[in-house]
Amino acid sequence: MSPLRWDVLGAALLFAVPVLLLGATGVLDPDDVLDRLPWCLLAGWVASSLLRAVFPAPKPEPQRRRRRRPAAEEPADA
């Protein structure tokens, strides 16, 4: 599984919001923010993997076969 799927990146962004806000308010230094962002990506990957393991993707419904109509006979031109 790729760690750069959309669901992983979305979860990582969700986990990174508090870290970015703490960096913006000055509670965390920029070095601390950069040190914690990869952990947010890892947490997003773990959360997404757990959700995919618990709730697997639904199976696609089988397609119904169409019956072919017999070709309409055209009247012969006289």
Item to check | Listed once per pair and sorted, the salt bridge (charged side-chain N to carboxylate O under 4.0 Å, His left out) pairs that draw on residues 11-20, sequence neighbours left out | outcome: none

Under 3.5 Å, which donor-acceptor pairs link side chains of residues 53-60 to any protein atom two or more places apart or in another chain?
none

Linking Ile, Leu, Val, Met, Phe, Trp and Tyr by side-chain heavy atoms under 4.5 Å, what else ends up with [X]?
X: L14; answer: none
X: V33; answer: V19, L20, L22, V27, L28, L34, L37
X: V17; answer: L21

Item to check | Exercise: identify the closest heavy-atom pair between G44 and A11 | outcome: CA-CB, 3.8 Å

Checklist entry - Shortest non-hydrogen contact from C40 to A16? => result SG-CA, 3.7 Å

Checklist entry - Shared ILVMFWY cluster between V8 and V46, side chains joined below 4.5 angstrom? => result yes

Next on the checklist: Once side-chain hydrogen bond (donor to acceptor under 3.5 Å, both in side chains) is applied, what residue pairs with a partner in residues 6-31 remain, sequence neighbours excluded?
Outcome noted: R5-D7, D7-S48, D7-R52

